[in-house]
Structures are given as structure tokens and as C-alpha cells.
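Read the numbers this way: they start at 1 and go in the same order the structure lists the ligands and their atoms.
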Amino acid sequence: MARSPTHQQEALELAITIFDSLPPAEKARQLANPEGEIGLAVAEFLNGNNRSANTSNLARLGLTAGQRVLEIGFGNGRAAADVLASSDKVQYAGIDISPTMVAEAVRFNAPSVAAGRATFHLGAADQMPFPDASFYAIFSSGVIHFWPDPDPSLRDLHRVLRPGGLSVHSCIDPRTAPPFALAEPGFHLRPAAEWDRLFRAAGFAEVAAEAVERDQLNSDGTPTKRYSVRVTARA
Ligand SMILES: C[S@@+](CC[C@H](N)C(=O)[O-])C[C@H]1O[C@@H](n2cnc3c(N)ncnc32)[C@H](O)[C@@H]1O
């Protein structure tokens, strides 16, 4: 059910308080695989943080009616609602490793799920349950930097994308990483040039990896500017 702006603001403030109270390793663990009530709060915090990346990634995809789009690591499923609002004929599929996120994304997007316009799958990007060449476009925000060896996942992304299809991904730029984005709990940050090499090695033909400045939140909710790496890659 849609929330009023006041309720939405209160929920974001509560999420910020919860996220800020977590030790750095727990922040990282919950971002990599959100779990339980804390995971729901972390996902809410992320909506404030990743919204601008998701919006600009979707604009770059330029979706048109009838196209099937795939999101990797959809979190609580808020970007799915934006995709579905962009055209009444777009079909959305998402895949995420977190059972908590799958349940929350299905709950939030219940009318679209019931109408057959959105499906949310539990699973990992390196072994996706989709046929070859089944999507016109793929996107993700804040996901690919959790992959110690991105190659199997990038190859599976390439496999499910139609020839000529576009893939857009945002991830943390190591130059302005937040303090909790540490290697030990699971972040694998790479500069744009390294992502460029990895996407090409996985079979993508046209690749552009660049640093983009974004408005973000510190873990205490104060605004900040950070770079993220944005990879645009065509199959
Ligand atoms: C930091 S959250 C980002 C959520 C959402 N994209 C957003 O911008 O708010 C990362 C999400 O990616 C999911 N994830 C991590 N590794 C994954 C993988 N290998 N395959 C699919 N999902 C993954 C996590 O469960 C989590 O929901």
C-alpha cells in the first residue's frame, strides 16, 4: 500500500537510525544480503541512497512498450514500481539472493505480480533460471561490487540479454567509498577501468565504464556527494 509523504519520511528516518546503529561489518553483511527486520530497514535506507542511480540507469535503458527488463539484486523492489510505471506494457523480472527481499518486493508490488507484469525470483546472478536472450535490458544498483569473481555472473548476464540489448549497472567507486565498504565483510570495489575489462572479457561488445558524481546519504542520514562507477554494456 502507498504511504503518505509524512509516513514515508518517518520510515526513512527510522531506517537511518537503525542503519547508523549497526557496526560496520554488520552494515556490510546486511547490504550484501538483507535479512529480517534489520534487513528491511537497511533496504529502506538504500531507497534514499540509490534512488538517483536507479532513476538515471532506467532513463539510459530507454524502455519502450512490450520490452522485458531484468533487475539484478532488486532489494525491496521499489525500482520495479518505477519500471512498471514507465509504460503499461513493460514486463519486469528481478532476481535476488535474499528471501527477505523477495518477500518484501512481492508484497510491495502485489498488484503488478497479480497482473502478471512482475516476477521476483530467489537466486543468484551466476545461475539464473532464464532462457538465453530473454531480456531487452538489464540493470542493477549497488550489487556487482559484492562479487569476488564477477566473471560467472557477467557471463550469465550476457547469456540472458538479447543480442544488442543494453545493460546498465552502478556500483561504489573505491575513491569515495563509505567507511563500511570493507573487503573483509564482502565488498570487492574496483575502479572503472577494471569493470570495463571484466565486462569485455565476459563477452559484452560495447562497454563504457565511467565515474559519475551522485547525491548520497552518510550512514547517519547527512547528505554527501560520492562517485559511483556506472557501466553501460551492450550484448
Ligand atoms: C545493496 S542492496 C541494493 C538493493 C537495490 N538494488 C537498491 O538499489 O536499493 C544489494 C542487493 O543485491 C542482492 N544481491 C547480492 N548479491 C547478489 C547476487 N549474486 N545475485 C542476486 N542478488 C544479489 C542483495 O540480496 C541485496 O538485495
Q: Do any N or O atoms from the side chain of Thr224 and from the backbone of Asn218 form a donor-acceptor pair under 3.5 angstrom?
A: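 Flag not set: sc Thr224 to bb Asn218 has no pair under 3.5 Å.
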Q: Classify the angle between the aromatic ring planes of Phe146 and Phe187 as parallel (below 30°), tilted (30 to 60°) or perpendicular (above 60°).
A: tilted
Q: What protein heavy atom sits nearest atom 3 (C) of ligand 1, and how far away is it?
A: Ser141 O, 3.5 Å
Q: Report yes or no: is the cationic atom of Arg162 (NZ for Lys, CZ for Arg) closer than 6.0 Å to the six-membered ring centre of Tyr136, at no more than 45° off its axis?
A: yes
Q: Describe, in one word, how the ring planes of His121 and Phe130 are oriented to each other, choosing from parallel (under 30°), tilted (30 to 60°) and perpendicular (over 60°).
A: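 Because their plane-to-plane angle is over 60°, the rings of His121 and Phe130 count as perpendicular.
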Q: Please confirm whether Gly73 comes within less than 3.5 Å of ligand 1 when only nitrogen or oxygen atoms on both sides are compared.
A: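 Yes - when backbone and side-chain N and O of Gly73 are compared with those of ligand 1, one distance drops under 3.5 Å.
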Q: Between Asp96 and ligand 1, which part of the residue brings a heavy atom under 4.0 Å of the ligand: side chain, backbone, both or neither?
A: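 Within the 4.0 Å criterion, Asp96 contacts ligand 1 through backbone and side-chain atoms alike.
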Q: What residue and atom, counting heavy atoms only, is the protein's closest point to atom 21 (C) of ligand 1, and at what distance?
A: Gly123 O, 3.7 Å
Q: Verify the distance criterion only: is there a donor paired with an acceptor across the side chains of Thr222 and Asp220 at less than 3.5 Å?
A: yes
Q: With atoms numbered from 1 as shown, which atoms in ligand 1 lie under 4.0 angstrom from a non-hydrogen atom of Gly75?
A: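 Listed by number with element, the hits are 4 (C), 27 (O).
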Q: Is it the case that Arg107 and Asn76 place a side-chain donor and acceptor less than 3.5 Å from each other?
A: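 The answer is no; no qualifying pair exists.
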Q: Within the structure, is a non-hydrogen atom of Ala53 found at a distance of less than 4.0 Å from ligand 1?
A: no
Q: Against heavy atoms of Ala124, which atoms of ligand 1 measure under 4.0 Å?
A: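 Heavy-atom distances to Ala124 below 4.0 Å select 20 (N).
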Q: So do Leu31 and Val42 actually touch side chain to side chain, heavy atoms under 4.5 Å?
A: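 SC-SC contact between Val42 and Leu31 confirmed.
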Q: Looking only at protein heavy atoms, identify the closest one to atom 20 (N) of ligand 1 and say how far it is in Å.
A: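 So the nearest neighbour among protein heavy atoms is Ala125 N, 3.1 Å.
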Q: Which ligand 1 atoms does Asn33 reach within 4.0 Å, using its non-hydrogen atoms?
A: 25 (O)
Q: Among all protein heavy atoms in this structure, tell me which lies nearest to atom 7 (C) of ligand 1, with the distance rounded to 0.1 Å.
A: Asn50 ND2, 3.5 Å
Q: What atoms in ligand 1 come closer than 4.0 Å to a heavy atom of Leu31?
A: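 With Leu31 as reference, the close atoms of ligand 1 come out as 1 (C), 2 (S), 10 (C), 26 (C).
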Q: Using a 4.0 Å heavy-atom cut-off, which part of Ala79 comes near ligand 1: side chain, backbone, both, or neither?
A: neither
Q: Could you list which atoms of ligand 1 come closer than 4.0 Å to a heavy atom of Leu46?
A: 1 (C), 2 (S), 3 (C), 9 (O)
Q: Only heavy atoms of Trp147, strictly under 4.0 Å: list the atoms of ligand 1 that pass.
A: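 Checking each atom against Trp147, I get 16 (N), 17 (C), 18 (C), 19 (N).
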Q: Under a 3.5 Å threshold, yes or no: a donor from one side chain and an acceptor from the other, between Asp82 and Asn54?
A: no
Q: Parallel, tilted or perpendicular, judged at 30° and 60°: which one describes the rings of Phe19 and Phe45?
A: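 Correct class here is parallel.
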Q: Just go through Asn54, Ile144, Ile97, Ile72 and tell me whose heavy atom is the nearest to atom 17 (C) of ligand 1.
A: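 Minimum heavy-atom distance to atom 17 (C) of ligand 1 goes to Ile97.
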Q: Just which atoms of ligand 1 are under 4.0 Å from any heavy atom in Ala32?
A: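 Matching atoms, with element in brackets: 14 (N), 15 (C), 24 (C), 25 (O).
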Q: Would you call Arg197 and Val207 a side-chain contact if the rule is heavy atoms closer than 4.5 Å?
A: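 Heavy-atom side-chain distance check fails, nothing below 4.5 Å.
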Q: Number the atoms of ligand 1 from 1 as they appear, then name those within less than 4.0 Å of a heavy atom of Ser98, with their elements.
A: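 That gives atoms 25 (O) of ligand 1.
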Q: Can a donor-acceptor pair be found between the side chains of Ser170 and Asn57 at a distance below 3.5 Å?
A: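 Yes - a donor-acceptor pair under 3.5 Å links their side chains.
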